[in-house]
Amino acid sequence: MGNSLICKSKKDVKEIGSRSKRMGRSQRKLQSEEEFLQKQALSLALQQLQLSQRFDGSTSKRIGSTSSRRHNLSDPFCNGKQSKRDSRAEVTSGEANLQALDFLENVKEKKFVLVHGEGFGAWCWYKTISLLEEVGLSPIAIDLKGSGIDLTDTNKVDTLVEYSKPLIEYLQGLPDNEKVVLVGHSSGGACVSYALEHFSNKVSKAVYICATMVGDGQRPFDVFMEELGSEEIFMKGSKFLIYGNGKDEQPTGFMFEKEQMKGLYFNQSPTKDVALAMVSMRPFPLGPVMEKLSLSPENYGTGRRFFVQTLDDHALSPDIQEKLVRENPPERVFKIKGSDHCPFFSKPQSLHKILLEIAQIP
């Protein structure tokens, strides 16, 4: 019996040790993921500081690549895994680089300018930036006025021109013979349309990601009103409005509470990205989205537009997106299944493939 007890005791000890090892591995994995996220956030912050676009009279920043440098596709920081230093990894890396070179030969404009939507900032594009840089493209993400790390008071931003100023100044600074692919998300679509109207010679293609691709004489606000209901009731009774000039004046800004944002914008997004958004999103100015756009057939009408529909979107429903496409037809329409209003979070690879396909369209 003594031996039996001893054997049982050893078995118990072995099981406990096994469980301890599993818990240890789980904790180490969690710690590794947290360290990677911290490195990712630090890298993003460093890029914002080092690659800032210096605008006269503006504190706006841009993040992304300033050259067409190409990352090695097995880079440990880009994919979050330590690269394998063996012959198989070297062969795979070489093949990937050859594929990237072949891809670049079919792309005329390699610079992508990423324009965020309401409440967001350049920070929301961090996955898209990484993926585009890996294939040798040059993405630039811009903070619009009062967004991201731009310190402008959103209550003072009351026109689309003022809101779009960082984008306008960036396009004005491009060399005469250089064009970009302009990508706008949500209400950022209005800024893309404005740029297409006034800088058509600088924009080779315009991509609207579940965005306010409205026509001449329309307001971006009208698109969201189809989801929210009566404008009069909304303007009088919404608890999400901000009155920067006092309650007796017209509202100056807007911002949902966190729970509303999670349900509307991030219903399919990873928890970590939702957490990032919750500490990064800011109120957005109402003036720019209340303004009617003036778009001409000669400029805006001749631009090459592409629309990306998000099919599990609670902020801008697929029906509303379909109506936008029907009333103001783009050159092509792409659809992302299972994506919420933020495909750069919920479906980054699908969005990436679409952007690459658009880039290769002659």
Is there a donor-acceptor contact under 3.5 Å from the side chain of [X] to the main chain of [Y]?
X    : Y    : answer
D216 : L295 : yes
S164 : L167 : no
S147 : D143 : no
T159 : E162 : yes

Side chain to side chain donor-acceptor pair (under 3.5 Å) with [X]: which residues, sequence neighbours excluded?
X    : answer
S187 : E118
E322 : Q309
K323 : E226
S350 : none

Do we see a donor-acceptor contact under 3.5 Å between the side chains of D150 and T152?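 A donor-acceptor contact under 3.5 Å links the two side chains.
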Donor-acceptor side-chain pairing of D340 and S269 below 3.5 angstrom: yes
Assigning hydrophobic clusters by single linkage (Ile, Leu, Val, Met, Phe, Trp, Tyr; side-chain heavy-atom cutoff under 4.5 Å), is L131 placed with W125? no
Residues two or more places apart in sequence or in another chain: which of them pass salt bridge (charged side-chain N to carboxylate O under 4.0 Å, His left out) with [X]?
X    : answer
R332 : E357
D158 : none
E109 : none

For [X] versus [Y], what's the shortest heavy-atom pair and its separation?
X    : Y    : value
S186 : G117 : CB-CA, 4.1 Å
S200 : N299 : OG-OD1, 3.8 Å
L144 : H116 : N-NE2, 3.0 Å
P285 : V157 : CB-O, 3.2 Å
F284 : G119 : CB-N, 3.6 Å
P343 : I209 : CG-CG2, 3.5 Å

For residues 181-218, which residue pairs pass the ring-ring contact (aromatic ring centres under 6.0 Å, His included) check, not counting sequence neighbours? F120-H185, H185-H341, H185-F344, Y194-H198
Nearest 0.5 Å, please: how far is [atom2] in [Y] from [atom1] in [X]?
X    : Y    : atom1 : atom2 : value
Y126 : F345 : OH    : CZ    : 6.0 Å
S339 : N267 : OG    : CG    : 8.5 Å
C342 : Y265 : SG    : OH    : 8.0 Å
F334 : F307 : CZ    : CZ    : 12.5 Å
Q268 : D313 : CD    : CG    : 10.5 Å
K127 : H352 : NZ    : NE2   : 13.5 Å

All pairs passing side-chain hydrogen bond (donor to acceptor under 3.5 Å, both in side chains) where residues 171-181 contributes a residue, at least two apart: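 As it turns out, the side-chain hydrogen bond (donor to acceptor under 3.5 Å, both in side chains) pairs with a partner in residues 171-181, which skip direct neighbours, are K111-E178.
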Check the pair V274, M278 against side chain to side chain contact (heavy atoms under 4.5 Å, CB included), reporting the backbone distance first and the verdict last. CA-CA 6 Å; V274 178; M278 292 301 99; 4.2 Å; yes
Minimum side-chain heavy-atom gap [X]-[Y] below 4.5 Å:
X    : Y    : answer
L196 : L182 : no
V115 : I142 : no
K108 : S204 : no
E133 : I129 : yes
Q218 : L293 : no
K156 : D153 : yes
C210 : V308 : no
L311 : I336 : no

Output every pair passing salt bridge (charged side-chain N to carboxylate O under 4.0 Å, His left out) with a member in residues 284-308, not counting sequence neighbours, ordered by first then second residue. R304-E331
What residue pairs, at least two apart or across chains, pass salt bridge (charged side-chain N to carboxylate O under 4.0 Å, His left out) with a residue in residues 197-207? none
Set out, in order, the CA-CA distance, both residues' side-chain angles and the distance that settles side chain to side chain contact (heavy atoms under 4.5 Å, CB included) for V181 and V113, then state yes or no. CA-CA 6 Å; V181 178; V113 180; over 6 Å; no
One pair to check against side chain to side chain contact (heavy atoms under 4.5 Å, CB included): I361 and F306. What are the steps and the verdict? CA-CA 11 Å; I361 296 175; F306 302 83; 3.6 Å; yes
Where do F266 and D273 land on the side chain to side chain contact (heavy atoms under 4.5 Å, CB included) test, with the steps shown first? CA-CA 9 Å; F266 311 114; D273 289 326; over 6 Å; no
With V207, which of V192, V183, I354 fulfils side chain to side chain contact (heavy atoms under 4.5 Å, CB included)?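 Only one of V192, V183, I354 forms a side chain to side chain contact (heavy atoms under 4.5 Å, CB included) with V207, namely V183.
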Side-chain donor-acceptor distances from residues 245-261 under 3.5 Å, at least two apart:
from : atom 1 : to   : atom 2 : distance (Å)
T252 : OG1    : N155 : OD1    : 2.4
T252 : OG1    : I242 : O      : 3.3
T252 : OG1    : G244 : N      : 2.9

